[in-house]
Amino acid sequence: MNLQVTYQPKANAVATFTRAGSAIAVATCARAWSGRRLTLAASQKVLRRTLLSSSMVLLWWATSAAQDVNVQLATEEPPHYVGVSAIVQLTVDGLEADPQPQCVAESSSPDVRVRLAGISPRIVQRMFQSGTQIRRIQQVTHTIQFRVTADKPGDYEIGPFVITQGKTEKRVDAITMSFAEVPTTDDMRIQLQMPESAYPDQRVPVTIRWWFAGDTDNVNQLRIDGTMLDEFQFAPDRTPERGGSRLPIETEEGTIALAATAERQSVDGKEFTVVSAQRTLIPNRPGTYEIAPITATIQWVTQWDQRRRSPLGDFGIGGSLLEEAFGGRRRPAKVELFRAAGEPLTFEVKPFPSQGRPESFSGAVGNGFSLDVTADRTVVRVGDPIRLTLHLRGDGNIEGATLPPLSADGGLDPRHFRLPAGDVTGVLQDDQDGKQFVVSVRVLDESINEIPSIAYSWFDAETERYQTTRSEPIALRVMPAQVVGADAVVSNQSALSPSEPATNDPSAQSARSSGPRRFSLSGADLAIERDPQRLLTGSTSLLARPSLQFAGYALGSLCLIVALVDRKRRQVDPAIRKASAVVRAQRGRIAAAERLSEKEAAKQIAEALRVAHLEVPETDRSAIERIIAECESIAYKPGDDADARISPDLLGRALAAIDTLKPSNSTA
């Protein structure tokens, strides 16, 4: 890529200043040597000190100048063509290394798209010694790139650009770029094929086909603009096989290579190479969308340079489509551009029908769903928790599926069961065998003999009708709760029966004495001592010492406090203690994700949030779902950078979200 610099201030000032500093140093030593006042060693010492002083002054001047934000703007060398993105690059000096600056293009024509391609810093540190001190100067340069794509030929004003970092703001004037029309050819076609309508969260197949009637070995570069679909979400794309065909698609996130199939077809008497790739689109909100025509642009090589070979090659086509990407292909000597455009499309995302919508419908779309329910115990007392595991399977949007209320459509009656409040999120199985939900319920009525079947409904987009499946009921034995009252406490005394007469018979007294002994006050001296002399006389016993008495009182108070704390701990529901332990363990997993790679950390954070939220389902799930969605987008994004680490901001928000999960009695 050749860039054409359009703005480069202060380029000659540094060189002039450097030459001036060197001239001063040479002149100083020349005067000292001509006067014969210094020896050769002393002259060299003066020269070194003078050069060091000049370098320090030069570095100080460079640091002071760097405090002013200096921007150099460059564009990719023209000509620029319609449908082919051109690079606009801003090189910024004078900003700090952190935080990353932000840059936007404030205005542009509706016929031109300006997309931020990336911001990358370059940090250069210089160290120098002044006497016994070592000084360090850091120079930071940020490179900001935009991709500019025009849909129609003409002259367009790009910008102005606004660069911000904290309270620092720098504006760069707009530039004018000209885009020329690219000729079309009957030897190339492009098509985007998708259904005319769908429902939210439905899996929609999107097929992209590219036809070419010429020799694909002479296609140096193929660009297919797929940005018209960037407002939608897509399921993870299939990884291309090694040596297999690939189709390059440009998106807002960059160019992706889709796994494709190539075949030969005869159309209108011409033999075409047809390359097809498929993606799965996921609409997320109802509405009518106008899809702009998909376009394809190629560089057709009319002459190859046989003398040189490209060290990196071009993104070219040969053998199987794009299998020689970044290989050692020949360098083209002459190329021509050709462009093809598809047809505009209208795509409607229809809302779910309200008529006939079951209470157990929670947004699932697809077909063939089934729900299996198991319980961790089937013999319980009234009030005991029962942990239910629900396993959902089906062909549809399992990833985003949630559990409807357990009482929906004749499920668990809230009068007989204590149910979790709010929606329940689940965890995807590692083997892609559906999604698992775990909830805790309590039986409130000992007359209950089963856990009723739980209903789950989904919308079949093909028949446009709601479908419902039910789990199998689970037999249950419920025993009454065991309550211990004051009258059930066993005493250590055996009182006489009211009908038992008092007697002085020794044999009767002996028979009573052989039974449980009782406390008796017979013969005890209960008189109150009134003699002051005896009351005021101190005891000579060791236990009567004040220090031991104080220690006894302190020990008794400590035992009382420990007993109160233990009593409070025992009163906590075991299910709550277990939920708190699970939340603490998952918080540790989130904190430990800082040491993992970006993708592994994102997967671990999302899984930990899901598991923790299962234990506290009554809390607000919106914030946690947003963090989980952000983690999944990182985990499934294309490419794999082993050195990348999870964003500290995302990690902090995940820790803050899990800290809000406080188990309570309603959890169980």
Side-chain angles (χ1 to χ4, degrees), residues 1-2 76-87 111-113 147-156 177-193 207-228 245-251 255-258 260 262-277 291-305 310 313-325 329-345:
M1 177 184 67
N2 297 324
E76 191 171 355
E77 186 176 357
H80 306 136
Y81 295 97
V82 172
V84 181
S85 59
I87 299 295
D111 295 327
V112 67
R113 288 165 286 148
R147 289 187 177 272
V148 182
T149 308
D151 297 328
K152 297 180 181 179
D155 297 336
Y156 298 97
M177 299 181 67
S178 298
F179 289 85
E181 184 63 270
V182 179
T184 61
T185 175
D186 294 336
D187 291 340
M188 182 171 64
R189 302 178 184 180
I190 186 71
Q191 181 190 34
L192 175 65
Q193 184 178 2
T207 303
I208 302 172
R209 289 190 178 91
W210 177 71
W211 284 268
F212 190 69
D215 187 358
T216 56
D217 285 340
N218 290 329
V219 176
N220 182 58
Q221 191 176 66
L222 169 64
R223 293 180 177 177
I224 298 177
D225 185 5
T227 56
M228 74 289 299
S245 299
R246 306 179 186 183
L247 197 62
I249 307 295
E250 290 188 356
T251 67
T255 301
I256 59 175
L258 301 179
E263 59 180 350
R264 300 288 296 179
Q265 290 185 9
S266 178
V267 181
D268 298 334
K270 284 188 177 181
E271 287 292 328
F272 285 86
T273 297
V274 183
V275 184
S276 303
I291 309 298
I294 189 172
T295 61
T297 306
I298 63 169
Q299 284 187 358
W300 174 257
V301 180
T302 59
Q303 182 179 345
W304 291 98
D305 188 349
S310 171
D314 299 296
F315 206 51
I317 304 174
S320 61
L321 187 64
L322 302 180
E323 68 178 355
E324 298 183 12
R329 291 174 56 85
R330 298 169 295 172
R331 183 183 296 274
K334 293 182 181 180
V335 296
E336 294 182 1
L337 290 179
F338 293 99
R339 185 169 183 255
E343 297 293 333
L345 302 175

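Here the structure is a predicted model, which is why all the values come from computation and not from measurement.
Taking both residues in full, the closest heavy atoms of Ala262 and Val275 are given as CB-CG2, 4.2 Å, listed atom of the first, atom of the second, then distance. In this structure, Ala277 and Ala260 approach most closely via the heavy-atom pair CB-CB, 4.1 Å. The heavy-atom pair separating Glu271 from Ser266 by the smallest distance is OE2-CB, 3.4 Å. In terms of heavy-atom proximity, His80 sits nearest to Ser178 at CB-O, 3.3 Å. Here the closest heavy-atom approach between residue Pro153 and residue Ala180 is recorded as CB-C, 4.2 Å. Between Asp186 and Phe272, the shortest heavy-atom distance links the atoms O-CZ, 3.9 Å.
Remark: Asp187 pairs with Lys270 by the side-chain hydrogen bond (donor to acceptor under 3.5 Å, both in side chains) rule, at least two apart or across chains. Every side chain to side chain contact (heavy atoms under 4.5 Å, CB included) that Ala333 has, sequence neighbours left out, goes to Gln303, Asp305.
The shortest side-chain heavy-atom distance between Phe338 and Thr184 does not fall under the 4.5 Å cut-off. Proximity of Lys334 to Val301: side-chain heavy atoms (C-beta onward) are nowhere separated by under 4.5 Å. A heavy-atom distance below 4.5 Å is not found between the side chains of Gln299 and Val219. Contact annotation: the side chain of Arg209 never approaches that of Ile190 to less than 4.5 Å [non-hydrogen atoms, C-beta and beyond]. For the pair Val148/Phe179, a side-chain contact is recorded, criterion being any heavy-atom separation below 4.5 Å from C-beta on. Using a 4.5 Å heavy-atom cutoff, the side chains of Leu337 and Val335 are not in contact. Two residues are said to be in side-chain contact when any heavy atoms from C-beta on lie closer than 4.5 Å; Met188 and Trp210 meet this criterion.
Within the 3.5 Å criterion, the main-chain N or O of Asp225 finds no donor-acceptor partner in the side chain of Glu250. Side-chain atoms of Thr149 do not come within 3.5 Å of backbone N or O of Val84 as any donor-acceptor pair.
Here Gln193 contributes atom CD and Ile208 contributes atom CD1; the two are 11.0 Å apart, rounded to the nearest 0.5 Å. To the nearest 0.5 Å, atoms CD1 (Ile294) and CG (Leu345) are separated by 9.0 Å. Between atom CE of residue Met228 and atom CG of residue Asp151 there is a gap of 9.0 Å, rounded to the nearest 0.5 Å. Interatomic distance, Ile224 CD1 to Leu247 CG, rounded to the nearest 0.5 Å: 4.0 Å. In this structure, OH on Tyr156 lies 11.0 Å from CZ on Arg113, to the nearest 0.5 angstrom. Rounding to the nearest 0.5 angstrom, the gap separating the CG atom in Leu258 from the CZ atom in Arg246 is 11.0 Å.
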Thr295 and Arg339: CA distance, side-chain angles, deciding distance, side chain to side chain contact (heavy atoms under 4.5 Å, CB included) verdict: CA-CA 7 Å; Thr295 61; Arg339 185 169 183 255; 3.2 Å; yes
Check against side chain to side chain contact (heavy atoms under 4.5 Å, CB included), Val82 and Lys152: CA-CA 6 Å; Val82 172; Lys152 297 180 181 179; 5.6 Å; no
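Around the CZ atom of Arg223, the shell of radius 6.0 Å holds more than 12 heavy atoms that belong to other residues, nucleotides or ligands. Crowding of Gln265 atom CD: a count of heavy atoms from other residues, nucleotides or ligands under 6.0 Å exceeding 12.
The residues Asp268 and Arg189 are annotated as salt-bridged, a charged nitrogen and a carboxylate oxygen being separated by less than 4.0 angstrom.
Between Phe212 and Trp300, the ring center distance clears the sub-6.0 Å criterion.
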